[in-house]
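These notes are about the structure you will find just below.
Whatever order the structure lists ligands and atoms in, that order sets their numbers, starting from 1.
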Amino acid sequence: MNSGLEDVVAAETVLSDVDGNAGRLIIRGISLDDLVAHSRYEDVLALLLDGFFPAMPSLPEALGAARVAVFKHLASVDAGLLALSPIEAIRALMARLPDGDDLATALQLVAAPAVFTPGIIRLRAGLAPIEPSATAGHAADVLAMMLGKPPTLQQTAALDRYLVTVADHGLNASTFAARVVASTQAGLASAVLAGLSALKGPLHGGAPGPVLDMLDAAGTPANAALWIDDALARDERLMGFGHRVYRVRDPRADALKGAVELLAASGAIDPARLALAEAVESAALAALRRKKPDRRLDTNVEFYTALLLESLGFPRETFTCVFAMGRTGGWVAHAREQVLGGRLIRPMSKYVGPRPQQAA
Ligand code: ACO
């Protein structure tokens with residue numbers, strides 16, 4: 001038995017391939033490097049959904065219309081919902097979306113975290129949510145809804161690069177959860193909610209907020225090694241490091257570090273913040289190599305995510321919601337793939353509890 005299901009192949013997919021030894025990610029035949037260099041999120045969404053619905057309209061317009069359609073749900077936010085963490089609030093709002101298997105349902109599920117996250121951020125700050133634009137680019141619209149003014153081209157490009165980078169990633173925990181639910185034919189909203197719930201955990205999509213807590217606790221580059229050693233001595237896991245599949249550096253970490261360096265060059269990131277992150281990263285890598293010489297633990301996607309989303313103005317407690325903005329594209333595509341070609345997913349467990357006593 002393999003309790004973490006490592007090395008178990010549980011689905012065939014045309015959507016993405018994670019090569020953990022080569023450190024390579026392919027989305028529908030295109031390498032991540034090429035995708036981030038040339039694509040907006042809408043392009044990658046079109047790539048992921050291609051062939052899974054009977055007819056595909058122009059995605060930017062259809063996604064814009066979906067953003068407008070889901071905005072009305074923010075009117076139902078009350079004090080109880082605002083008292084929840086942002087990811088719980090978004091989960092509660094997304095639970096109001098109806099199940100279905102059509103493209104309109106899929107696009108509303110993709111639009112939901114993109115509209116609800118800026119709305120929740122503003123409502124928590126005592127401000128009214130800003131209506132989406134049906135014609136803006138997806139990333140630009142998210143930033144405009146949060147900032148209350150048009151974003152710069154650099155900000156839009158950085159968010160687009162982030163959303164493209166996290167759009168899909170093989171059979172990760174949240175995508176597997178989404179496929180399990182989809183395999184029961186429960187519908188796309190149910191599958192996406194399962195994915196969102198799995199993403200929330202700190203071992204998966206909940207890591208980037210704690211990455212910033214780690215940078216704050218380390219404080220200065222000079223203190224980084226000491227803080228890391230203390231954390232490992234307390235048996236803590238270093239957020240933003242290690243991966244179930246990658247045995248080398250996560251290629252998404254480089255894609256995002258590139259975006260962070262571009263933001264730093266444009267003055268959007270304090271060079272001192274970047275220097276602190278780099279010092280913490282090298283101290284962590286050195287300490288993890290000493291502690292686990294036989295297990296390569298390298299930087300994962302979440303480390304530079306933290307710096308990138310912080311510089312765009314997202315509060316750290318909403319980072320997982322921004323991850324969900326990108327990953328919903330992968331979840332709906334996998335859910336459709338599962339429904340169209342897969343079977344009910346129903347593994348076995350090994351019973352290790354007591355058995356009824358044999359009758360004398
Ligand atoms: N810091 C310290 N030690 C670590 C770390 C880490 N980040 N990652 C793994 N280890 C240690 C484990 O404690 C374990 O030690 P042990 O053998 O003494 O028990 C050993 O390395 C092997 O780790 P596993 O638990 O087998 O690794 P697994 O594949 O199960 O976990 C995971 C992968 C969950 C990502 C892990 O590396 C981790 O907890 N990282 C920190 C959280 C994080 O960054 N999550 C985001 C991942 S990316 C994503 O999901 C989008």
Q: Give a yes-or-no answer on whether the side chains of S174 and H204 include a donor-acceptor pair shorter than 3.5 Å.
A: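 Yes, a side-chain donor-acceptor pair sits under 3.5 Å.
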
Q: Select all protein residues for which some heavy-atom-to-ligand 1 distance is less than 4.0 Å, and list them by chain and number.
A: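 Residues P202, L203, H204, A207, L232, E236, R237, L238, M239, G240, F241, G242, H243, R244, L288, K292, R295, L297, N300, V301, E302, F323 each place a heavy atom under 4.0 Å from ligand 1, listed by chain and number.
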
Q. Quick one: do D229 and K291 make a salt bridge, cutoff under 4.0 Å?
A.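 Between K291 and D229 there is no salt bridge, as every charged N stays at least 4.0 Å from the carboxylate O atoms.
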
(Q) Suppose we call two aromatic rings close when their centres sit under 6.0 Å apart. Are H334 and F52 close by that rule? (A)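 Ring centres of F52 and H334 not closer than 6.0 Å.
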
Q. When the ring centroid of F319 is compared with that of F314, is the distance short of 6.0 Å?
A.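 F319 vs F314: aromatic centres not under 6.0 Å.
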
**Q.** Gap between atom CZ of R91 and atom CG of L84 - 0.5 Å precision
**A.**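 Separation between the atoms: 8.0 Å.
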
**Q.** Close side-chain approach of Q185 and Q338, heavy atoms under 4.5 Å
**A.**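 A side-chain contact under 4.5 Å is absent here.
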
